[in-house]
Colleague: 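Take a look at this one; I'll ask things after.
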Amino acid sequence: MAATKKKVCIIGSGNWGSVISKLIGLNTARLDSFHDEVTMYVYEEIINGKKLTEIINETHENVKYLPGHKLPPNVRAVPDVVEAAQDCDFLVFVLPHQFIRTICSALFGKIKPTAVGLSLIKGFDKAEGGGIDLISHIISRHLNIQVCVLMGANLAGEVAEEKFCETTIGCKDKRLGPVLRDLIQTNYFRVVVVDDVDTVEICGALKNIVACGAGFVDGLGFGDNTKAAVIRLGLMEMIKFVDIFFPGSRLATFFESCGVADLITTCYGGRNRRISEMFVKTGKPLLQLEKELLNGQKLQGPFTADEVNYMLKNKGLEDKFPLFTSIHKICSGQMTAEEFIDSIRIHPEHTVKYT
């Protein structure tokens, strides 16, 4: 990397985006290789009669999405994404995946051609021909820049409270990987860099589907044995999915933080699990619960389940992924949650096969 100071922009300011801004802000302030100021694109909202960007810049706190936690004073909230990203060398994407194409359209032709993207977005998008698009691929294709990914067992609230955890960065460029690690890593947020980029990203998306299944288990009143079975079956389907659709991955990647660790954490503590549990207990629609309980955050599991099912159905592979398929059917109203366990209890894809 060149010796000039690198500028960083964080595109997104929700719960996780605000936490990441804390890590990056602290690191850029202490590292000579980065420009002190970090811009953070904030979707403008009015909170108690005042603009959210003004509140963040005056109080150094995102009172809506990360209340009670101070952001570094060198993090500046900007309501215009083009202005926020102007002349920046690193663009850290951390917003709901449903908005990524709109953001890329706004940024096209208006960023440095040498900029590098880092996607923290967990999800897919539907592609023509019955497939799915990885978010990092969408960003790279639309903006013509290199894009790396960060995924891990990182519940935002715990990271904000500086409780030790790990994360995984997927980056093929051996010169760039250490730079991204230094930008993100702290003494309580350990970063491991691997070059199996697509697998890192896919794990981060698929685990949200499994977390919905874990939430159904909790809502139905089954115990930890049942949840453990759902987690194991989910991991096996994650591995199979990557093996079929994105061949060339390494099994070891599933045992990094982006894989099994993130899966376990999300199935016990994430928003997808919590809302899916309430879906069973209250009978309210998922979108209604999202509005009532997530304070403006988005529920990714049902969207991802729909996108994965779009691919599986078009390829005639729904029966090969009974857990993913059942979770999608419950989320879309084609099956009741009470039918969930029976749908996966005895299935040829889940039984032992000798070779």
Side-chain angles (χ1 to χ4, degrees), residues 1 5-42 53 56-57 59-78 84-85 88-96 115-122 136 147-171 176-194 200-201 204 256-258 261-262 265-266 269-271 297:
M1 303 294 292
K5 290 180 179 289
K6 303 298 182 182
K7 294 184 65 176
V8 182
C9 170
I10 299 165
I11 300 175
S13 59
N15 188 228
W16 187 215
S18 297
V19 173
I20 285 297
S21 76
K22 176 182 176 182
L23 304 180
I24 291 177
L26 291 172
N27 282 334
T28 56
R30 69 177 181 81
L31 294 171
D32 291 337
S33 54
F34 292 99
H35 195 283
D36 285 356
E37 183 183 75
V38 174
T39 53
M40 179 172 68
Y41 164 62
V42 176
T53 52
I56 292 172
N57 289 332
T59 68
H60 307 298
E61 181 180 350
N62 189 333
V63 294
K64 178 168 184 179
Y65 296 106
L66 195 66
H69 294 278
K70 290 294 183 180
L71 305 182
N74 60 321
V75 174
R76 179 170 65 91
V78 180
C88 286
D89 300 280
F90 292 96
L91 305 176
V92 181
F93 294 87
V94 52
L95 69 166
V116 172
L118 179 65
S119 174
L120 280 64
I121 302 172
K122 297 181 176 181
S136 66
V147 181
C148 306
V149 300
L150 182 151
M151 305 284 159
N154 309 138
L155 295 179
E158 294 186 12
V159 180
E161 293 171 1
E162 302 187 4
K163 296 177 180 178
F164 176 77
C165 66
E166 298 179 308
T167 200
T168 310
I169 288 179
C171 175
L176 181 60
V179 178
L180 293 173
R181 179 200 61 207
D182 292 346
L183 178 63
I184 301 290
Q185 184 165 262
T186 70
N187 61 352
Y188 59 88
F189 194 73
R190 179 173 177 262
V191 176
V192 174
V193 182
V194 302
V200 173
E201 180 169 6
E256 295 292 347
S257 183
C258 62
D262 195 10
T265 296
T266 308
R271 75 185 78 152
Q297 292 179 279

Colleague: Can you confirm whether E61 sits close enough to P67 that some side-chain heavy atom of one is under 4.5 Å from a side-chain heavy atom of the other?
Modeller: yes
Colleague: Do the non-hydrogen side-chain atoms of E256 and M151 ever get within less than 4.5 Å of each other?
Modeller: no
Colleague: Could you check whether any side-chain heavy atom of V149 comes within less than 4.5 Å of a side-chain heavy atom of L118, counting everything from C-beta outward?
Modeller: no
Colleague: Between S33 (side chain) and K5 (backbone), is there a donor-acceptor pair under 3.5 Å?
Modeller: no
Colleague: Minimum heavy-atom separation for G177 to C171, with atom names?
Modeller: N-SG, 3.7 Å
Colleague: For side chain to side chain contact (heavy atoms under 4.5 Å, CB included), just list the numbers for L71 and L66, CA-CA rounded to whole Å, side-chain angles, deciding distance to a tenth of an Å, and then say yes or no.
Modeller: CA-CA 9 Å; L71 305 182; L66 195 66; 4.3 Å; yes
Colleague: Please report the shortest heavy-atom distance between V92 and I20, naming the atom on each side.
Modeller: CG1-CG2, 4.3 Å
Colleague: Please round to the nearest 0.5 Å and tell me the distance separating atom NE2 of H69 and atom CG of N15.
Modeller: 8.5 Å
Colleague: For A153, is there any backbone N or O sitting under 3.5 Å from a side-chain donor or acceptor partner on S257?
Modeller: yes
Colleague: Once you round to the nearest 0.5 Å, how far does CG of L183 lie from CD1 of I24?
Modeller: 4.5 Å
Colleague: If you round to the nearest 0.5 Å, how far is CG of L26 from OG of S21?
Modeller: 9.0 Å
Colleague: May I ask you to decide if R76's main-chain N or O and N57's side chain share a donor-acceptor pair within less than 3.5 Å?
Modeller: no
Colleague: Report the C-alpha distance between K122 and D262 in whole Å, list the side-chain angles of each, state the deciding distance to 0.1 Å, and finish with yes or no for side chain to side chain contact (heavy atoms under 4.5 Å, CB included).
Modeller: CA-CA 11 Å; K122 297 181 176 181; D262 195 10; 3.1 Å; yes
Colleague: Output a table of donor-acceptor pairs, distance under 3.5 Å, between side-chain atoms of residues 186-194 and any protein atom two or more places apart or on a different chain; print 'none' if there are none.
Modeller:
residue: T186; atom: OG1; partner: Y188; partner atom: N; Å: 3.2
residue: T186; atom: OG1; partner: F189; partner atom: N; Å: 3.1
residue: R190; atom: NH1; partner: E166; partner atom: OE2; Å: 2.3

Colleague: Looking at side-chain heavy atoms only, is the closest gap between N154 and W16 below 4.5 Å?
Modeller: yes
Colleague: Could you pull out all residues at least two apart from S13 that satisfy side-chain contact (heavy atoms from CB on, under 4.5 Å)?
Modeller: M40, V42, N62
Colleague: Between I121 and P96, which heavy-atom pair has the shortest distance, and what is it?
Modeller: CG2-C, 4.5 Å
Colleague: Determine yes or no for a side-chain-to-main-chain donor-acceptor pair under 3.5 angstrom, with K70 supplying the side chain and T59 the backbone.
Modeller: yes
Colleague: So do the side chains of F34 and V179 get within less than 4.5 Å of each other, counting heavy atoms only?
Modeller: yes
Colleague: Could you go step by step and tell me if L176 and L180 meet the side chain to side chain contact (heavy atoms under 4.5 Å, CB included) rule?
Modeller: CA-CA 6 Å; L176 181 60; L180 293 173; 4.0 Å; yes
Colleague: Can you give me the closest heavy-atom contact between G12 and L95, atom names plus distance?
Modeller: CA-CB, 4.3 Å
Colleague: List the steps and the verdict of side chain to side chain contact (heavy atoms under 4.5 Å, CB included) for E162 and K22.
Modeller: CA-CA 11 Å; E162 302 187 4; K22 176 182 176 182; 3.1 Å; yes
Colleague: Could you give the distance from OG1 (T167) to CG (L150), rounded to the nearest 0.5 Å?
Modeller: 3.5 Å
Colleague: Would you mind reporting whether V159 and C165 have side-chain heavy atoms less than 4.5 Å apart?
Modeller: yes
Colleague: As a test of understanding, state which of V78, D89, L91 forms a side chain to side chain contact (heavy atoms under 4.5 Å, CB included) with C9.
Modeller: L91
Colleague: So, do V147 and F93 sit near enough that their side-chain heavy atoms are less than 4.5 Å apart?
Modeller: no
Colleague: Distance alone, cut at 3.5 Å: any donor-acceptor contact between the side chains of E201 and S136?
Modeller: yes
Colleague: Could you measure the distance from the CZ atom of R30 to the CG atom of D182? Nearest 0.5 Å is fine.
Modeller: 7.5 Å
